[in-house]
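What follows is a set of notes on a single structure, which appears directly below.
The residues of the chain are indexed from 1 along the displayed sequence.
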Amino acid sequence: MTSKIQSLNDTYELNNGVKIPAIGLGTWQTPDGEVAQKTVEDALSLGYRLIDTAAAYGNEESIGRGIKRSGVNRRDLFVTTKLWNDHHGYQKTKAAIDESLTKLDLDYLDLYLIHWPNPAPVRDHWAELNAESWQAMEEAVQAGKIRAIGVSNFRRKHLDELLKTAKIRPAVNQIYLNPSDMEEDVTAYNKELGILSEAYSPLGRGGLFANDTVVSIAQHYDKSPAQVLLRWSLQHGFVPLPKSVHRERLEANLRVFDFTITEADMAKLDGLHGAAQVANDPDQTDF
Ligand SMILES: NC(=O)C1=CN([C@@H]2O[C@H](COP(=O)(O)OP(=O)(O)OC[C@H]3O[C@@H](n4cnc5c(N)ncnc54)[C@H](OP(=O)(O)O)[C@@H]3O)[C@@H](O)[C@H]2O)C=CC1
């Protein structure tokens, strides 16, 4: 797939008409407090408009402060947060949405995701709990608290179960996606269902930076390995969410709109399965 994304300001349209930026800021392991706040301010001043956080990251309040301090108009931002594993079910999801809104100090979320489909403590009844959580999320959409709802780490069977009762189709499935694991089965199913694939760990958490293929392609385009990995993601039509707490890296990670990877080089990168970590199987996670 070749993406039509050509500049930082380009967006995709989700299946409910909401527009989502083509690249975003990841914030997992971004320390709460001054670091998270400053990182968000830096990122927004550099042109990022999508911020990806989660209740589980423990940094929603600092991120909210960074947003306020940046002075960027709320309607120009796209803020995502996620339901953590200890809040599955109807009532708990309702409470979790309100808690995230309070912590982020926002009137609405742009995207809210079920973080994991079948957390270990509730693995026996994951399907009914997801249906309940989803209902609470649908009601929050009706109430104007959320603009789009989606999932994360969902495989085919989890999507199939959810779709049995969902009135609103998920807009996004956020999954582990980089050349070390393209999750072909999930991305193909997402596409078939009109669900956008967001790429978490698009840099392979650094694990692909020294890979020979990545390094030689990066040298060829006079780019860094990180830039090649992000460009690969964009050209596949994924929305990459690179995380950094360093301003110069945040800036470099946006300089990915001025080159195109050839089909031959894309194929070489596609062939790197297993070169770094691969996706966690949700059935095997112990959290
Ligand atoms: N839904 C889910 O279950 C999950 C979602 N996510 C989301 O996806 C985001 C990104 O994934 P993540 O796992 O953090 O990993 P990434 O693939 O984004 O890699 C982040 C690492 O790369 C480093 N880095 C970033 N840019 C550069 C650069 N230009 N040069 C050198 N090093 C660089 C960062 O260090 P430094 O900060 O020091 O610059 C950090 O160590 C998360 O932050 C989170 O928002 C992630 C995991 C699971």
Side-chain angles (χ1 to χ4, degrees), residues 24 26-32 36 51-64 79-104 106 109-141 145-146 148-166 168-177 181 183 186 189-190 195-201 205 241 243 277-287:
T27 66
W28 178 43
Q29 296 177 322
T30 297
D32 192 27
I51 298 167
D52 182 82
T53 183
Y57 301 168
N59 55 19
E60 289 175 308
E61 287 184 32
S62 312
I63 285 176
V79 181
T80 304
T81 193
K82 313 184 190 89
L83 176 76
W84 188 236
N85 295 348
D86 54 2
H87 273 74
H88 281 221
Y90 180 75
Q91 290 297 349
K92 286 184 179 176
T93 300
K94 278 173 84 96
I97 292 167
D98 288 341
E99 206 173 301
S100 283
L101 281 167
T102 302
K103 285 190 171 163
L104 284 159
L106 296 175
L109 301 166
D110 295 280
L111 180 64
Y112 193 71
L113 308 176
I114 299 180
H115 207 145
W116 285 91
N118 54 352
V122 293
R123 190 152 291 156
D124 291 344
H125 40 294
W126 62 265
E128 74 192 66
L129 283 176
N130 280 344
E132 282 186 27
S133 293
W134 197 254
Q135 191 193 333
M137 289 160 69
E138 290 174 332
E139 288 176 13
V141 172
K145 293 180 180 182
I146 307 177
I149 52 180
V151 296
S152 179
N153 298 295
F154 272 45
R155 301 230 164 143
R156 198 177 272 262
K157 69 176 181 187
H158 308 117
L159 288 168
D160 284 341
E161 276 300 325
L162 189 69
L163 289 172
K164 285 182 187 168
T165 54
I168 299 178
R169 182 169 285 223
V172 164
N173 189 5
Q174 184 183 119
I175 56 176
Y176 181 86
L177 264 182
D181 195 345
E183 298 217 51
V186 185
Y189 203 43
N190 286 346
I195 297 173
L196 182 86
S197 297
E198 276 192 325
Y200 79 66
S201 306
R205 298 179 186 148
L241 305 168
K243 174 262 178 187
Q277 201 182 323
V278 296
N280 282 322
D281 179 348
D283 287 339
Q284 304 299 327
T285 56
D286 56 4
F287 50 81

Between Ser133 (side chain) and Gly89 (backbone), is there a donor-acceptor pair under 3.5 Å? yes
Any non-hydrogen side-chain atom of Lys145 less than 4.5 Å from a side-chain atom of Asp98? yes
Evaluate the side-chain proximity of Thr165 to Trp134: yes if any heavy-atom separation is below 4.5 Å, no if none is. no
Would you please indicate if the ring centroids of Tyr200 and Trp28 are separated by under 6.0 Å? no
Which atom names give the shortest non-hydrogen contact between Ser152 and Pro117, and what distance separates them? O-CD, 3.7 Å
Does any non-hydrogen side-chain atom of Thr80 lie less than 4.5 Å from one of Tyr112? no
Ile63 side, atom CD1; Leu104 side, atom CG - distance, nearest 0.5 Å: 7.0 Å
Side-chain contact test, heavy atoms from C-beta onward, threshold under 4.5 Å: evaluate it for Leu159 versus Ile195 and give yes or no. yes
Any side-chain heavy-atom pair from Asn130 and Phe154 closer than 4.5 angstrom? yes
Between Arg123 and the options Asp286, Asp283, Thr285, the side chain to side chain donor-acceptor pair (under 3.5 Å) test singles out Thr285
Is there a side chain to side chain contact (heavy atoms under 4.5 Å, CB included) between Thr27 and Glu60 once you walk through the steps? CA-CA 10 Å; Thr27 66; Glu60 289 175 308; over 6 Å; no
Nearest heavy atoms of Pro170 and Gly150, plus distance in Å: CB-CA, 4.2 Å
Hey, would you say the His158 and Trp126 ring centroids sit under 6.0 Å apart? yes
Quick check against the 3.5 Å criterion: does Glu132 have a side-chain atom that pairs as donor or acceptor with the backbone of Tyr90? yes
Considering all heavy atoms of both residues, which atom of Ala279 and which atom of Asp181 are nearest to each other, and what is their separation? N-OD2, 2.8 Å
Can you tell me how far apart CD (Gln29) and NZ (Lys243) are? Round to the nearest 0.5 Å. 6.5 Å
Kindly say whether His87 contributes a backbone atom to a donor-acceptor pair with the side chain of Thr93 at under 3.5 angstrom? yes
Salt bridge flag under 4.0 Å for residues Lys82 and Asp52: yes
Would a 4.5 Å heavy-atom cut-off, applied to side chains only, mark Asn280 and Asn153 as touching? no
Would you please test Gln174 and Leu111 for side chain to side chain contact (heavy atoms under 4.5 Å, CB included) and show each step? CA-CA 11 Å; Gln174 184 183 119; Leu111 180 64; 5.9 Å; no
CG of Leu241 to CD of Glu198: how many Å apart, nearest 0.5 Å? 4.5 Å
For residues Thr81 and Ala54, report the shortest heavy-atom separation together with the two atoms involved. OG1-CA, 3.2 Å
Hey, does Ser100 have a side-chain heavy atom less than 4.5 Å from the side chain of Leu106? no
Salt bridge between Glu183 and Arg155, side-chain N to carboxylate O under 4.0 Å? yes
Answer yes or no: is there an ion pair linking Glu99 with Lys103, defined by an N-O contact shorter than 4.0 Å? yes
Show your working on side chain to side chain contact (heavy atoms under 4.5 Å, CB included) between Thr30 and Tyr57 and close with a plain yes or no. CA-CA 8 Å; Thr30 297; Tyr57 301 168; over 6 Å; no
As an exercise, state the distance from CG of Asp124 to CG of Asn118, rounded to the nearest 0.5 Å. 10.5 Å
Under 3.5 Å: donor-acceptor pair, side chain of Asn59, backbone of Asp32: no
Minimum heavy-atom distance Met137-Ile114, with the two atoms named: SD-CG1, 3.6 Å
Test log, rule side chain to side chain contact (heavy atoms under 4.5 Å, CB included), inputs Lys94 and Ile97: CA-CA 5 Å; Lys94 278 173 84 96; Ile97 292 167; 5.8 Å; no
Between Val186 and Ser197, is there a side-chain heavy-atom distance shorter than 4.5 Å? no
